Amino acid sequence: MVRVRFAPSPTGFLHVGSARTFLFNWLFARRQGGTMVLRVDDTDVERNTAASLNSIFDGLRWLGLSWDEEYKQSERLRLHREMAEAIFQKGLAYRDFTPAQTGERSSAQGPWLFNAGMRELSREESDRRAAAGEPFALRFRVPRETEREIRFTDMVYGEQAKSTADIEDFALLRSDSMPTYHMASCADDADLRISHIIRGQDHLTNTFKHLLIFEAAGVAAPNFAHLPLLVAPDGSKLSKRRHGPVVSVTTYRDAGFLPEAFINFLCLLGWSPKDNREMMSRQELVEAFSLEGINRANAVINFKEPPNQPEDTFDPKALWLNAEHIRALPVEELCRRLLAVVRQAGYKISPEKMLEITRLVRERIRLLNEVLSVADFFLCQKLPAYDAAELVPQKGDAEMARRVLQRAREVLRDAEFTHEDLERTLRAAAQELGIKAGQMFQPIRVAVTGRKNSPPLFETLEVLGKDVTLARIEQGIENIHQPTGS
RNA sequence: GGCGCUAUCGUCUAGGGGUUAGGACGGAAGAUUCUCAAUCUUCAAACCCGGGUUCGAUUCCCGGUAGCGCUACCA
């Protein structure tokens, strides 16, 4: 029975790297028909925050990935201590009465392995000092007298081996009797019968310690699969301090990413279906996922370090994938999602109107939020000020713009506002004026949308309706006479 | 410093003892077009370095270099 877990520690918002770890676990579980466990690793009381926990749940909820069981480490402390105690009773751990190290241990003079004197302390003296109330940390007694190799086969990185001579006597219990990460994690993994531990590569070398714990506790070790890390363009690890909001999942959500697109993007970082597919649905990902497809080198999230544009915070491929997913959505569904964005921004608009707008913006936006800038002229009543010079068509002048708008005003008054009729009417008008179609359309476009780039003109006018169109053309004519831009 | 991991276009990657080293994003050019977008076509762009092994290495082995990780009573 496959059982995997995602074990975030609530000491910060949901990190993109964590989200990917969750995702790979989830994909593996769903592919194998296994169980997904969410375990909150909250043994570091000092750094835990409720806000962080919320951020994690918010992020996961947005991604729409579910889990089957949920635990909190802080509610399982007894289990951790019992396992630590059992290891101690077997003589495989010892009490270390050395006060906790505060500053940096000088790493220049070789590796630290254990505190001299403590490892060899007699049981009697150890018991006596403990009974006297002297605080201690419980350390694992790494078998270094008879040096040996700890081995395992990582499902991504292959054969791994490390000599016990290179493993320090790590702590199991802190002097306040709280379990350390290593202890709590292993005790829970054993107790929850986790079959596969899929986690970041930063834990690869910790695995040897964990193997030691499992062995000492007398339980079979699970399988391990380590994931390459997600890093910044300069190769450094992603951190909030250095890289800001790019590392937070909620940033993607708030910018208008589709969760399915974000998931797709994350999957492609360090994993490949090996058949050149890029754009994949959640279902396709589940079907294609396997640990063999995971790469071993760290993957760069390609954002621009000092962002000049808002979009610089995102990997161009993420943007492209999002655009692809937006276009793959049925219009009604896209409309529903855009409606939420538009209403959130304070606009009142009917679902019917929004559906028409959706059809026009769907291949023009990469992020849901871009609807606010791309379709603003549909949403607002009064057009924001624009430069009257923009009304002037290619190879034309202000006079031509004026003639175009006046003619358009006349001709549109009697037109039926359908794509076909508008096209016929305006093309005819251009011919009458003896100008090119483009020269006819451009002033109208600017008058009606406030800018030079927009969806096709006839569809735009159709959606806008006769009243708004005429009013804006009127305004455009005025703007030519007083070209102040106001 | 010690130990471990990694190394293919700018980025994500496929591949693998003999290939024109493939795809995608991004970039450039062009087609289409009422603008923008979408779409289509084309182009530029990579096997870290040095030794082996071999008829032949980008691929296998060793060394170097670089990057990353661990080296806490953080996780």
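Remember, it's a predicted structure, so these values are computed and weren't measured experimentally. Residue numbers begin at 1 in each chain, while the letters A, B, ... track the order of the sequences. Computed from heavy atoms alone, side chains included, the values below leave out hydrogens, waters and symmetry copies.
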Please determine, by modelled atom types, if A/Q442 and A/R445 share a side-chain donor-acceptor pair under 3.5 angstrom.
yes
Regarding the side chain of A/A137, the nearest nucleotide among B/rU11, B/rC5, B/rC73 is B/rC73
Determine the contact category for A/T43: base if any of its heavy atoms lies under 4.0 Å from a base atom, sugar-phosphate if only primed atoms, P, OP1 or OP2 are that close, otherwise nothing.
sugar-phosphate
Would you say a side-chain N or O of A/K317 is under 4.0 Å from OP1 or OP2 of B/rG26?
no
Pairwise C1' distance, B/rC74 and B/rA38 [rounded to whole Å]
49 Å
Quote, to the nearest angstrom, the C1' distance that separates B/rG64 from B/rG26.
34 Å
Does A/K274 reach a base, just sugar-phosphate, or nothing at all? Heavy atoms under 4.0 Å.
sugar-phosphate
Applying side-chain contact (heavy atoms from CB on, under 4.5 Å), name anything that partners A/S52, two or more places apart in sequence or on another chain.
A/P10, A/T49, A/I56
Applying ring-ring contact (aromatic ring centres under 6.0 Å, His included) as the test, list every pair that has at least one member in residues 356-376 of chain A; sequence neighbours left out.
none
Identify whether any heavy atom of A/K436 sits under 4.0 Å from a base atom; if not, whether one sits that close to sugar-phosphate; answer base, sugar-phosphate or nothing.
nothing
Any residue meeting salt bridge (charged side-chain N to carboxylate O under 4.0 Å, His left out) with A/R359, in chain and number order, not counting sequence neighbours:
none
With a 3.5 Å cut-off and heavy atoms only, can you find an N or O donor on one side and an acceptor on the other between the side chain of A/T205 and the base of B/rC70?
no
Can you tell which of B/rC73, B/rC70, B/rC34 lies closest to the side chain of A/R139?
B/rC73
Side-chain donor/acceptor contact of A/E278 with base of B/rG23 under 3.5 Å:
yes
Say whether A/T164 and A/R148, considering side chains only, have a donor N or O and an acceptor N or O under 3.5 Å apart.
no
Answer for the Watson-Crick or wobble partner of B/rA72, both distances under 3.5 Å, is none
Within the 4.0 Å heavy-atom criterion, would you say A/F458 contacts the bases, only the backbone, or no part of the nucleic acid?
base
When the C1' atoms of B/rG22 and B/rU59 are considered, how many whole Å apart are they?
16 Å
Measure from the side chain of A/L229, starting at C-beta and using heavy atoms only, and say which of B/rC12, B/rG69, B/rU11 lies closest.
B/rG69
Between B/rA38 and A/R327, is there an OP1 or OP2 to side-chain N/O distance shorter than 4.0 Å?
no
For the residue pair A/Q431 / A/R427, report whether a side-chain donor-acceptor contact shorter than 3.5 Å exists.
no
Judged by modelled atom types alone, do A/S163 and A/E149 share a side-chain donor-acceptor pair under 3.5 Å?
no
Checking all strands, does A/E168 fall into the base, sugar-phosphate, or nothing category for heavy-atom contacts under 4.0 angstrom?
sugar-phosphate
Sequence neighbours left out, what pairs pass side chain to side chain donor-acceptor pair (under 3.5 Å) with at least one residue falling in residues 262-272 of chain A?
A/N264-A/H325
Which part of the nucleic acid does A/P135 contact within heavy-atom distance under 4.0 Å: base, sugar-phosphate only, or nothing?
nothing
At under 4.0 Å between heavy atoms, what does A/N295 touch on the DNA or RNA strands: base, sugar-phosphate, or nothing?
sugar-phosphate
Answer yes if the side chains of A/R451 and A/S373 hold a donor-acceptor pair under 3.5 Å, and no otherwise.
no
Go through the structure and list residues passing salt bridge (charged side-chain N to carboxylate O under 4.0 Å, His left out) with A/E420, not counting sequence neighbours.
none
Toward the 5' end of RNA chain B, by each residue's nearest nucleotide, A/R47 or A/S272
A/S272
Is A/A297 touching bases, backbone alone, or none of the nucleic acid, heavy atoms closer than 4.0 Å?
sugar-phosphate
How is A/E423 classified with respect to the nucleic acid when contacts are heavy atoms under 4.0 Å: base, sugar-phosphate, or nothing?
nothing
Could you tell me whether the phosphate oxygens of B/rA24, OP1 or OP2, come under 4.0 Å of any side-chain nitrogen or oxygen in A/R277?
no
Need one value for A/H182: base, sugar-phosphate or nothing, where a base atom within 4.0 Å counts as base even if backbone is also close, heavy atoms only.
base
Base, sugar-phosphate or nothing for A/Q73? Non-hydrogen atoms, less than 4.0 Å.
nothing
Mind checking A/P316 for me? I need base, sugar-phosphate or nothing, with any heavy atom below 4.0 Å counting as a touch.
sugar-phosphate
Under 4.0 Å between any heavy atoms, over every strand shown, what does A/N453 touch: base, sugar-phosphate, or nothing? Just pick one.
base
With rounding to whole Å, what would you report as the distance between B/rU35 and B/rG23 at their C1' atoms?
33 Å
Classify A/G200 by what it touches in the nucleic acid, base, sugar-phosphate, or nothing, heavy-atom distance under 4.0 Å.
nothing
Is A/R296 side chain donor-acceptor paired with the B/rC5 base, going by distance under 3.5 Å alone?
no
Measuring only the C1' atom in each nucleotide, how far is B/rU6 from B/rG18? A whole number of Å is fine.
27 Å
Between protein and nucleotides 27-32 of chain B, map the contacts as a letter string: B base, S sugar-phosphate only, - none, heavy atoms under 4.0 Å, written 5' to 3'.
------
Of A/W320 and A/D41, whose nearest nucleotide on RNA chain B comes first from the 5' end?
A/W320
